[in-house]
Amino acid sequence: MSRRRKKFDVKNVALGVAVIALTGAALREQLRKPQEERTWEGQILGVPYDFRAPTPERIRERMWNPNTSSIFTPHIFGVGWTINFYPLVHPKSRNEAERELSRV
């Protein structure tokens, strides 16, 4: 049995470096604030982050939220986005979505 060496993939390395850089920048932003002002959640360069301990309520809110048509929500923990499966399983009709947008 021979082992195949994984190819060096520049895209994966670049993505890993970007995630590490965003995580470091988000932590730096929070640690520069006075302790009582730290929320451990926010956005860095338009990418959401949340370093609070996950709770069952937040997991449900981010992964199964019927109150939004957004498919991508902020990560439950970390930097980036999570998939909200509710709009994928229960898609609204086009007319319902248009009516909802016109109310806003």
Linking I/L/V/M/F/W/Y whenever their side-chain heavy atoms sit closer than 4.5 Å, directly or via other members, would [X] and [Y] fall into one cluster?
X: Val10; Y: Val19; result: no
X: Ile20; Y: Tyr49; result: no
X: Leu15; Y: Val13; result: no

Side chains of [X] and [Y]: does their closest heavy-atom pair fall under 4.5 Å?
X: Glu29; Y: Ile44; answer: yes
X: Ile83; Y: Met63; answer: no
X: His90; Y: Trp64; answer: yes
X: Phe51; Y: Thr23; answer: yes

- Task: With sequence neighbours excluded, give me every salt bridge (Lys or Arg N to Asp or Glu O under 4.0 Å) pair touching residues 65-84.
- Result: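 Counting only pairs at least two positions apart or across chains, no salt bridge (Lys or Arg N to Asp or Glu O under 4.0 Å) contact touches residues 65-84.
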- Quick one: salt bridge (Lys or Arg N to Asp or Glu O under 4.0 Å) pairs with a partner in residues 62-73, sequence neighbours left out?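 Checked against salt bridge (Lys or Arg N to Asp or Glu O under 4.0 Å) - neighbours excluded - the pairs reaching residues 62-73 are Asp50-Arg62.
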[X] versus [Y], closest heavy-atom pair with distance:
X: Ile76; Y: Pro54; value: CG2-CB, 3.6 Å
X: Pro48; Y: Pro74; value: CB-CB, 3.7 Å
X: Glu37; Y: Lys33; value: O-CD, 3.9 Å

- Query: Can you list the residues that meet the side-chain hydrogen bond (donor to acceptor under 3.5 Å, both in side chains) rule with Arg58, with sequence neighbours excluded?
  - Reply: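 Per chain and number, Arg58 pairs via side-chain hydrogen bond (donor to acceptor under 3.5 Å, both in side chains) with no residue.
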- Mind checking what makes side-chain hydrogen bond (donor to acceptor under 3.5 Å, both in side chains) contact with Asn65, not counting sequence neighbours?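 Checked Asn65 against side-chain hydrogen bond (donor to acceptor under 3.5 Å, both in side chains); zero matches.
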- Message: Rounded to the nearest 0.5 Å, what separates atom CZ in Arg32 from atom CG in Leu27?
- Response: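 Reported value, rounded in 0.5 Å steps: 13.0 Å.
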- Item | Interatomic distance, Leu22 atom CG to Gln43 atom CD [nearest 0.5 angstrom] | 11.5 Å
- Task: Go through the structure and list residues passing salt bridge (Lys or Arg N to Asp or Glu O under 4.0 Å) with Glu41, not counting sequence neighbours.
- Result: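 Glu41 satisfies salt bridge (Lys or Arg N to Asp or Glu O under 4.0 Å) with Arg52 once adjacent residues are dropped.
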- Query: Donor-acceptor pair, Gln30 side chain versus Trp40 backbone, under 3.5 Å?
  - Reply: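 Side chain of Gln30 to backbone of Trp40, a donor-acceptor pair under 3.5 Å: yes, one is there.
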- Please lay out, stage by stage, how Asn84 and Ile71 fare under the test side-chain contact (heavy atoms from CB on, under 4.5 Å). CA-CA 5 Å; Asn84 178 15; Ile71 294 174; 5.5 Å; no
- Item | Sequence neighbours excluded - side chain to side chain donor-acceptor pair (under 3.5 Å) pairs with any residue from residues 70-82 |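 Pairs touching residues 70-82 that pass the test: Thr68-Ser70, His75-Thr82.
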- Item | Gln35 CD: over 12 foreign heavy atoms closer than 6.0 Å | no
